[in-house]
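Notes follow once the structure below has been shown.
Worth saying up front: this structure is predicted, and the values here are computed from it rather than measured.
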Amino acid sequence: MADNGDDESQYRIKGGDYVVLKRGEIFKAVQIQPKKKVIFEKQWFFLDNAVGHLYSTTFEIGSGGVLQLRKLRDAESSTDAKEAGTDNRNIVDDGKSQKLTRDDIEMLKEQGLKGQEIIQQLIDNSSTFRDKTGFSQDKYIKKKKKKYENTVTILKPSCRILAMMYQGREPGKIRHLRYDTLAQMLTLANIHAGSKVLVFDTCAGLVLGAVMERMGGYGSVIQMYPRGEPVRAGVESFGFPAHFRDTLHGFPICHVNALLAGTLDTTAKDPRTSLVKVLTSCFFFQAQEKKVKQEEKRKKLAAAAALLEGRNADGLVIASQYQPCPVLMGLLKFLSPSRPFVVYSQHKEPLIECYTKLKEHGGTVGVRLTDTWLRHYQVGFKL
């Protein structure tokens, strides 16, 4: 019984969890913190009451921003049309079909009517709703639900959900990487638990997080980053357990040539530390804190370098805003023989350059360019 309880706990929302809020096709990643106001789709509320409930539960936003579990009778749509027209040819969109005015709708809200009840009032006061086709009625209801329903669904983060979130809100941050393309990248790179994978990701950490999720906390992930500090904003949104962090390492790509040449010195200390003059106790503590941080950074660099020196990585994934060809040719040297690699770019020209360079250089087999297509089709059935 204890094991069952432990298994069930991972599906329940806990304080401090990173979650994804969903309304319609809109997503937002947040962390559950006590008494913290969250603003989502022009509404504010608190997530305290969500703790203890199962993921994928839908809540209603009550007065004062308090979440209330949506009742089953509210979840069941009472707006299913019983009458429908055969076509819309005689319907004229002149703005006069709706009897309720904006003031009337605001008055209904003040009376405490819920979103579903307001939608029903709109349907009852529409002179053309019954004449619309069934498809048009569903489309009308969906549009009004998006505007008037004050509900929010709390989801457990995953690479698919987070990819959809970025694609809908900030596609430029992930280089317009779709979730279906991301899935193909993980498959082609043969990402699995227990492997050692190199990742060069400037897509807000989404690709890095997807690789870590697929590996399940087993193996090693070496994040290659251009300069400064590694970007891992997307990784935070996954809400990985603490032990996942032990598998993640970072290595500046500017040190790759030195590592390959055997001239990288991971024991060297920052020469600037010897120039720090201790004038007061305040400066002394600042110098000590800086020294500790530098020592931690040096140890992390040495650990990542030790993983790379074996040149036995099992996979390589590149998804970057930078020209991928020089990065690819440099990082290929760290792969074991017959190991896969994947390069993503939202433009075809950089990929063509990589393809040509690999063919000229030799040493690789099965190199191919692919382009994934995703089309949304609207299909209607007439019985």
Next on the checklist: For R245 and E236: C-alpha separation, side-chain torsions, deciding distance, then whether salt bridge (Lys or Arg N to Asp or Glu O under 4.0 Å) applies.
Outcome noted: CA-CA 11 Å; R245 293 289 181 180; E236 294 292 337; 2.7 Å; yes

Next on the checklist: Run L308 and V256 through side-chain contact (heavy atoms from CB on, under 4.5 Å) and show every step you take.
Outcome noted: CA-CA 9 Å; L308 292 170; V256 165; 6.0 Å; no

Checklist entry - Does the side-chain hydrogen bond (donor to acceptor under 3.5 Å, both in side chains) test come out yes or no for D124 and Q120, once each step is laid out? => result CA-CA 6 Å; D124 294 340; Q120 188 62 53; 3.1 Å; yes

Next on the checklist: Does Q43 form a side-chain contact (heavy atoms from CB on, under 4.5 Å) with V152? I'd like the steps, not just the answer.
Outcome noted: CA-CA 10 Å; Q43 282 191 310; V152 60; over 6 Å; no

Item to check | Stepwise side-chain contact (heavy atoms from CB on, under 4.5 Å) test for L21 and I154 | outcome: CA-CA 5 Å; L21 308 178; I154 300 181; 4.0 Å; yes

Checklist entry - Given E309 and L259, is the side-chain contact (heavy atoms from CB on, under 4.5 Å) satisfied, shown in steps? => result CA-CA 7 Å; E309 283 174 349; L259 181 62; 3.6 Å; yes

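Two residues are said to be in side-chain contact when any heavy atoms from C-beta on lie closer than 4.5 Å; I222 and F334 fail this criterion. When side chains are defined from C-beta on, L328 counts as touching L358, because their heavy atoms get closer than 4.5 Å. A 4.5 Å side-chain heavy-atom check between L351 and V343 finds at least one atom pair inside the cut-off. In this structure, the side chains of I26 and R169 come closer than 4.5 Å at one or more pairs of heavy atoms. Looking at heavy atoms from C-beta onward, E213 lies in side-chain contact with S158 at the 4.5 angstrom threshold. Using a 4.5 Å heavy-atom cutoff, the side chains of F200 and P226 are in contact. Y55 has its side chain within reach of V19: a pair of non-hydrogen atoms, C-beta onward, lies under 4.5 Å apart. With contacts defined as side-chain heavy-atom distances shorter than 4.5 Å, the pair M212/F238 does not qualify.
Separation of atoms OH (Y344) and CG (D201) is listed at 11.5 Å; rounding is to 0.5 Å. In this structure, NE2 on H361 lies 4.5 Å from CE on M329, to the nearest 0.5 angstrom. The distance from atom CD of Q167 to atom CZ of R160, rounded to the nearest 0.5 Å, is 14.0 Å. With rounding to the nearest 0.5 angstrom, the CG atom of L155 is 6.5 Å from the CZ atom of F27. One distance of note links CZ of R214 with CG of L182; it measures 8.5 Å at 0.5 Å rounding. Note: L301 CG to L264 CG = 5.5 Å, rounded to the nearest 0.5 Å.
Although no hydrogens or angles enter the test, the distance criterion places a donor-acceptor pair under 3.5 Å between the side chain of R339 and the main chain of P337. Between the N150 side chain and the I61 main chain, a donor and an acceptor come within less than 3.5 Å of each other. The main-chain N or O of V367 is never found under 3.5 Å from a side-chain atom of K359 such that the two would form a donor-acceptor pair. A donor-acceptor contact shorter than 3.5 Å links the side chain of Q98 to the backbone of L100. Listed for the D314 side chain is no donor-acceptor partner under 3.5 Å among the backbone atoms of S195. Side chain of T133 to main chain of S136: a donor-acceptor pair is present (N/O by atom type, distance under 3.5 Å, no hydrogens or angles). Panel note: side chain S126, backbone L122; no donor-acceptor pair is recorded below 3.5 Å.
Each of K293, R298, K297 was checked for a salt bridge (charged side-chain N to carboxylate O under 4.0 Å, His left out) with E295, and the lone residue meeting it is R298.
Under the 4.5 Å side-chain heavy-atom criterion for ILVMFWY residues, no single connected hydrophobic cluster contains both L198 and I191. Cluster annotation: V327 is connected to L369 through the hydrophobic network of ILVMFWY side chains, with a link wherever side-chain heavy atoms come within less than 4.5 Å.
A parallel orientation is assigned to the rings of F240 and F244, their planes being inclined by less than 30° (bins at 30° and 60°). Between F46 and W44, the angle of the ring planes goes over 60°, which puts this pair in the perpendicular group of the 30/60° scheme.
Heavy-atom contacts from other residues, nucleotides or ligands closer than 6.0 Å to CE of M107 number 12 or fewer. For K143, the NZ atom sits in a loose shell: 12 or fewer heavy atoms of surrounding residues, nucleotides or ligands are nearer than 6.0 Å. Under a cut-off of 6.0 angstrom, the local environment of NZ in K196 is crowded, with over 12 non-hydrogen atoms contributed by other residues, nucleotides or ligands. Shown here is H243, whose NE2 atom has more than 12 heavy atoms of other residues, nucleotides or ligands within 6.0 Å.
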Check: residues 31-42 side-chain donor-acceptor pairs under 3.5 Å, at least two apart:
residue, atom, partner, partner atom, Å
Q31, OE1, Q33, NE2, 3.1
Q31, NE2, G16, O, 3.1

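For the residue pair T151 / T58, no side-chain donor-acceptor distance below 3.5 Å is found, with atom types taken as modelled.
With sequence neighbours left out, the side chain to side chain contact (heavy atoms under 4.5 Å, CB included) criterion links T202 to R175, S320, Q321, Y322.
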